[in-house]
Visitor: 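Just passing along the structure, written as structure tokens.
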Amino acid sequence: MRAVVLALTVALVVPEFAPDKTYVYNYEALLLGGLPQEGLARAGIKVNSKVHLSAVNENTFLMKLMDPLIHEYAGIWPKDPFVPATKLTSALAAQLQIPIKFEYANGVVGKVFAPAGVSPTVLNLHRGILNILQLNLKKTQNIYELQEAGAQGVCRTHYVISEDPKANHITVTKSKDLSHCQERIMKDVGLAYTERCAECTERIKSLIETATYNYIMKPASAGVLIAEATVQEVHQFSPFNEIHGAAQMEAKQTLAFVEIEKTPVVPINADYLARGSLQYEFATEILQTPIHLMNISDAPAQIIEVLKHLVANNVDMVHEDAPLKFVQLIQLLRVSTLENIEAIWAQFKNEPVYRRWLLDVLPSVGTPVIVKFIKEKFLAGELTLPEFIQALVVALQMVTADLETMQLAASLAMHEKISTIPALREVVMLGYGSLVAKHCVEVPTCSAELLRPIHEIAAEATSKNNIPEITLALKVLGNAGHPASLKPIMKLLPGLRTAATSLPLSVQVDAILAMRNIAKKEPKLVQPVALQLVLDRALHPEVRMVACIVLFEAKPSVALVSSLAGALKTETNMHVVSFAYSHIKSLTRITAPDMAAVAGAANVAIKLMSRKLDRLSFRFSRALQQDFYHTPLMVGAAGSAYMINDAATILPRAVVAKARAYLAGAAADVLEIGVRTEGIQEALLKSPAADESVDRITKIKRTLRALTNWKDLPNNQPLASAYIKLLGQEVAFVKIDKTIIEEAIPLATGPKPRQLLKAALKALQEGIALQYAKPLLAAEVRRILPTAVGVPMELSLYTAAVAAARVNVQATITPPLPEEIETMTLEQLKKTDVQLQAEARPSIALQTFAVMGVNTALIQAAVMARGKIRTITPGKVTARADILKGNYKMEALPVEVPEHIAAVSFETLAVVRNIEDPSAERIVPFVPELSLQNPQNSYAGDLSSENPDEVPVRAPAPFDKTLCLAVPYIEIKGCVEVHSHNAAFIRNAPLFYIIGHHSARATMARAEGPAVERLELEVQVGPKAAERLLKQISFIDEETPEGKAFLLKLREILETEDKNRPLSSESSSSRSSSSSSSSLSSSRVTETATIMEPFRKFHKDRYLAPHGASKKVSSGSSASSFQRIQKQAKFLGNAVPPVFAVIARAVRVDHKLLGYQLAAYFDKPTARVQLVVTSIAENDNQKICMDGALLSKHKVTAKLAWGPECQQYAVTAKAEAGVLGEFPAARLELEWERLPITITTYAKKLSKHIPMAALQAGFRFERVTNSEKEIELTAALPNQRSLNVIARIPEMTLSRMAIPLPFTVPINQDGSLSIHIDEDILSWIQKHIKEE
């Protein structure tokens, strides 16, 4: 026998099943999902059966399952047992026991045959068994690797064959790496617009899949017999680094030989149809959402039932489970036929509430039936244009991109009714490009024929010079991103084809931008084209800068970036230089893994460029990129902003902003917005504003003059355009031209706005009652994968939300408005008293589900994370405006508040349910409460052997806490109830802190004390302001006995506060180091000599004061003059009435005055303003006083004081214009006598970070002994395009010279403005106002 075994090791005979024999095996399949640690919940299924195999002929076999039994599991592993799914087993027993045929030769499974009565789900279970029999055994090798076909696709497989002489058998070990497959069987939903970030998962993978097969082969008379086969497959997923913990789906299979019988397997009396191969066949799981299992027996009736539930239960406030019901409605509509949907539409289309719900839910269904339905209803005139556009935009982004849908979209774009509405045709065409992009993601070998009609449209439009049509075709090709479109696009690129030179600049830019999505797929094709455009100096600067954007999005190599840097050394256009340099420099700071190679190339290139380019003004074109990426969590975000300027005008030519996100190894361009002013720019270039010989101020004046003459601009070109992209797809764009402006002006100034105003006012007087609900499927991301068992597993994320609001508005207008509102004069309006009462009850419910597990139409077994948010914020207000009396009043009235105004919860669960026994659904918390309440019995100790370096953590009890806060005066108490428990007792990692149950609920109720009737905010303007004050404002006279007693008491309070004030231990050390740190080299002193000169105020006759004038004198004179004004009248209210008064108060049933009032006073002779805020409560002398005065046209001073009688704390601010050295300057000083301890404590903590922040910002830092109670900021203008800044704060001085400004400051050295508005522009403005 040993000789036989050795012979088999060298020349192994494949497994064979002898004719006239039936081989009986015991089969068990197990599929469990959860975390690998014990003591937590898991969910799964188990299948037990006997398997009978017999040969029909040499290469055809029959397989039959006998006594199958399905078990469910949702419990704490491994403590809880599996539960038999008796009803489900009975329902499937007939199908499961139908024999199937399969081809089998040389250990390889071929075609599979089964009667039509065997469903795909049941047949996939058979494939799970056949997958075990798949053995590609080589006769000459014991260790080898190949790509092997299996149930999950064609994947990398490693074989090891060894002998066991003692046991007289051979062991075959087969390992599959399911992450490296030539052809992987899977279905993705909602991922078409995301990009796989391969670099993000090089070291850290979010999804790891592997399978190991072990066979024991024994010799038999006909060759070898599979005595036993075991399979273990693991799918491990984590949104974070897997070392921090990961959820996993584990599949196990065992096939053990029992005996050989003589009774053959007999096929049933039915046609055996070819049902494919060993590869998994997707069934209805694509239409089946994993968050609930529905028995769909009568789809139309069930749709109507759910629809009525949503309408009835989302009126006053949104129902807690409305998002879940919304998803159920989507699932029902996905299995409905066109006839069903049309019948439901016919029943409810005339009922506004039902109509809105249907039009909101239908686009989210995402089936071709819905697109066809929307098309037919619009063509039949049953949908308005806004309804059609909203539904179509969403539907085209959600629909499955198959050939049927694309043909439907193409026919829609060519329909004559659509063609007559340009905006509508653009939506359809852009949607068609997006469909092609999604189709090519699912079918990488997608044909270029799909875009042939668009290529033809572009060619025809080019021959006819039809600019709008060329633009639309380019945007469609840009959305599609097919490499075959590069050639047609290049025909429209400037510098590469002569035909493009005559095209407008906007078309050239759109042609370049159309290559961006192509660059993501074929960067090597786009890089040389983009680089050639950037380096072509004959092209317009904007074209070159846009090409630079495309070049870096194509992720160029070090050689290409260095070539660009070298060429920029001799570049003459400073806008191109500034844009490229800023782009390269910002890329050096990028941390996202997919841009790591580009960042490295940028770091090399930046060294080849001059550092002087750092000092270029912001008026030149710029590119900025900033990102954040956290490798352990595999999350990140990036933002890009591009500003393309033109030297000839003050307006930027283009501004683009983009946001990008990274998550779990995927990346997506979430949002992009772009604005171009191409038409305006071209018009300005033809005006005198484009004269390069004039200064920038003259350019501004000429530009303003050119813009006022917009009627002279040409009709055939857009003035400006804008676009918006979502997930890398352009969904809308608009072009504004002279025609649109001419049509918009009559709409804005004509009779229609007045008619709308009249209708609105009439409706307000009659009362408006509005109830509105809006659902949204915010996210549906799914990945469906077959397992070795033949049952699909799914990773999915769903987010759905429903918002509802009830609004009631009633207006009372006295006297009533005239019938013809347009005849109403301003004097009549002033005499009108308007009172408005409004009540609103907005509410939002949001639910998010993250699921990992089994999802079929028969059974679901999954671990799930479920998040819920619900908010209800009722409010009732009244507002009154008496224009004649200058009185404006708003009141907040009591409303009925629900038990919880906000509730947030997050929980992880294990769920199992089957279609035959819905009542037997089991939901188990992921983290059992028992293990938390009894930490000594937790499983942490059992796991210590797996991780010897980790210290076991005792399981804590659940965290429960209630925090309450009562708001004084208004007697309202708010409470937040928090509950949390997690699995951190098992492992100290982010994932284990997340899993468990966490919730927070906010309540609001009336506190103890007198009830509040309402809250009031009143504003009184004019001479009656003093009458509205509820409490007379007065200040204690310091010379009276009462005043002296008050000051004495206040002094005692302040002394006590000073004793309790913490001493600073840093002041002495900082002062001791100031002498050494302030010793500067002569070069540094010379460099900053000018900026360190004393600040001097403007003289009455000349702008430079004598050099002997010092800062102390200037500051002192300012302070003294302000103090003199204050001494003349400490409180302006004694001499002048208030200009206006504001009263905010709570009206209680006990009529006690509670609240605050503000009075504003103005003394014209002294140009002094005073604001006083006081409490209206009795015996409360707390005040806030703001006092300011304009001392001269170059100087203003203000003082803020607060505390009892405004005597406790005070801050004085002084702003003054003057000169610093020889340059015009401005100075701001802040001085204080006393500040609260809280402010000083945080200020000292903040000051520790100032030196590092200053150095990073390019400021010069010195440790000096400045005043401890003063901050001074001085800014000087050496010229109109740069700024010198010096800041003196306690213990340090910061300064920076020649800071470039993004614009020119029109100030001369004598402080006068160097700009004035031309009389013709002023006259135009006055004329326009008079016309209005």
Side-chain angles (χ1 to χ4, degrees), residues 287 294 296 298-316 318-319 322-323 325-399 404-405 408-409 411-413 415-418 420-421 423-425 427-428 431 759 763 768-777 800-807:
L287 301 175
M294 299 180 66
I296 303 176
D298 185 357
Q302 290 173 283
I303 289 171
I304 293 173
E305 180 186 352
V306 176
L307 184 61
K308 287 183 176 180
H309 179 278
L310 286 168
V311 171
N313 291 279
N314 294 279
V315 180
D316 288 344
V318 68
H319 193 275
K325 284 289 183 182
F326 178 60
V327 176
Q328 287 181 359
L329 184 58
I330 291 173
Q331 182 177 339
L332 289 167
L333 286 165
R334 282 177 177 168
V335 299
S336 299
T337 63
L338 180 61
E339 291 74 19
N340 294 150
I341 296 172
E342 286 181 338
I344 295 169
W345 173 258
Q347 181 178 349
F348 295 108
K349 66 180 180 181
N350 294 323
E351 300 184 37
V353 179
Y354 285 89
R355 181 187 180 99
R356 282 201 306 268
W357 273 99
L358 283 173
L359 289 175
D360 284 334
V361 71
L362 286 173
S364 301
V365 174
T367 60
V369 170
I370 299 301
V371 178
K372 187 176 182 180
F373 170 82
I374 294 172
K375 172 189 173 183
E376 291 179 354
K377 295 308 164 189
F378 175 71
L379 297 179
E382 296 185 28
L383 294 179
T384 64
L385 185 60
E387 287 176 340
F388 179 63
I389 291 177
Q390 174 192 330
L392 190 66
V393 168
V394 179
L396 289 177
Q397 299 300 322
M398 297 289 293
V399 72
E404 178 189 354
T405 309
L408 191 61
S411 65
L412 189 60
H415 196 279
E416 58 182 0
K417 186 173 181 179
I418 304 294
T420 57
I421 309 173
L424 193 52
R425 183 167 176 268
V427 169
V428 179
I768 298 175
L770 177 66
Q771 293 176 345
Y772 189 77
K774 181 73 175 179
L776 174 68
L777 181 62
V802 177
R806 185 191 68 188
V807 180

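Everything quoted here is computed from the prediction, not taken from an experiment.
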Visitor: Can you check whether Ile370 reaches Val399 side chain to side chain, under 4.5 Å on heavy atoms?
Guide: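 No, every pair of side-chain atoms sits at 4.5 Å or beyond.
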Visitor: Do the side chains of Glu342 and Leu338 get nearer than 4.5 Å, heavy atoms only?
Guide: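 Side-chain contact under 4.5 Å: yes.
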Visitor: Would you compute the distance between atom CD1 of Ile304 and atom CG of Asp298 and round it to the nearest 0.5 angstrom?
Guide: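 That separation rounds to 8.5 Å.
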Visitor: Can you measure from CD1 (Ile296) to CD (Gln331) and round to the nearest 0.5 angstrom?
Guide: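 Result: 5.0 Å between the selected atoms.
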Visitor: Taking everything shown except Lys372 itself, do over 12 heavy atoms lie less than 6.0 Å from its NZ?
Guide: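 No.
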Visitor: Judged by atom type as modelled, is there a donor-acceptor pair below 3.5 Å linking the side chain of Asn340 to the main-chain atoms of Ser336?
Guide: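 Looks like no, no N/O pair under 3.5 Å.
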Visitor: If you look at every heavy atom in Leu408 and Pro368, which pair is closest and at what distance?
Guide: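 That closest heavy-atom pairing would be CD2-O, 3.9 Å.
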Visitor: Would you please test Val318 and Asn313 for side-chain contact (heavy atoms from CB on, under 4.5 Å) and show each step?
Guide: CA-CA 7 Å; Val318 68; Asn313 291 279; over 6 Å; no
Visitor: Looking at CD of Glu387 and CD1 of Ile374, how far apart are the two atoms once the value is rounded to the nearest 0.5 Å?
Guide: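 CD1 of Ile374 is found 11.0 Å from CD of Glu387.
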Visitor: Under 3.5 Å, side chain of Asn314 to main-chain N/O of His319, donor-acceptor pair present?
Guide: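 It does hold such a pair.
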Visitor: Closest approach of Ala409 and Val428, non-hydrogen atoms and distance?
Guide: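 Looking at all heavy atoms of both residues, the shortest contact is O-CG1, 3.6 Å.
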Visitor: Taking C-beta and beyond as the side chain, do Ile341 and Leu362 meet within less than 4.5 Å on heavy atoms?
Guide: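 Yes, their side chains come closer than 4.5 Å.
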Visitor: What heavy-atom pair brings Pro363 and Ala391 nearest, and what distance separates the two atoms?
Guide: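 Minimum heavy-atom contact is CB-O, 3.5 Å.
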Visitor: Please check: side-chain N/O of Glu305 versus main-chain N/O of Ala301, any donor-acceptor pairing under 3.5 Å?
Guide: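 Such a contact is absent between Glu305 side chain and Ala301 backbone.
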Visitor: Inspect the surroundings of NZ in Lys417 and state if more than 12 heavy atoms from other residues, nucleotides or ligands are less than 6.0 Å away.
Guide: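 Count over threshold, so yes.
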Visitor: If the plane angle is over 60° it's perpendicular, under 30° parallel, otherwise tilted; pick one for Phe388 and Phe378.
Guide: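 Parallel: the ring planes of Phe388 and Phe378 meet at under 30°.
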Visitor: Mind checking whether Ile768 and Val807 have side chains closer than 4.5 Å, heavy atoms only?
Guide: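 Answer no - side chains too far apart.
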Visitor: Are side-chain heavy atoms of Leu776 and Val802 found at a separation under 4.5 Å?
Guide: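 No, too far: nothing below the 4.5 Å cut-off.
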Visitor: To the closest 0.5 Å, what do you measure between CD1 (Ile303) and CG (Leu333)?
Guide: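 These two atoms lie 4.0 Å from each other.
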Visitor: Which residues satisfy the side chain to side chain donor-acceptor pair (under 3.5 Å) test with Lys774, sequence neighbours excluded?
Guide: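 If we apply the side chain to side chain donor-acceptor pair (under 3.5 Å) test to Lys774, skipping adjacent residues, the hits are Asp360.
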Visitor: What are the two closest non-hydrogen atoms of Pro775 and Ala773, and how far apart are they?
Guide: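 Heavy atoms only, the tightest pair is CD-O, 4.1 Å.
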Visitor: Looking only at heavy atoms, what is the nearest atom pair of Met398 and Ser364, with distance?
Guide: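 Closest pair (atom of Met398, atom of Ser364, distance): CE-O, 3.6 Å.
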Visitor: Angle between ring planes, Phe348 versus Tyr354, binned at 30° and 60°: parallel, tilted or perpendicular?
Guide: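 Phe348 and Tyr354: parallel rings.
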Visitor: Does any part of the side chain of Leu383, heavy atoms only, come nearer than 4.5 Å to the side chain of Arg355, both counted from C-beta?
Guide: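 Result yes, sub-4.5 Å side-chain heavy-atom pair found.
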Visitor: Supply the atom-to-atom distance Lys325 NZ to Leu307 CG, rounded to the nearest 0.5 angstrom.
Guide: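 CG of Leu307 is found 11.5 Å from NZ of Lys325.
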Visitor: To the nearest 0.5 Å, tell me how far Asp316 CG sits from Arg806 CZ.
Guide: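 Asp316 CG to Arg806 CZ: 4.5 Å, rounded to 0.5 Å.
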Visitor: Of all the heavy-atom pairs spanning Gly431 and Leu396, show the shortest one and how long it is.
Guide: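 The answer is CA-CD1, 3.7 Å.
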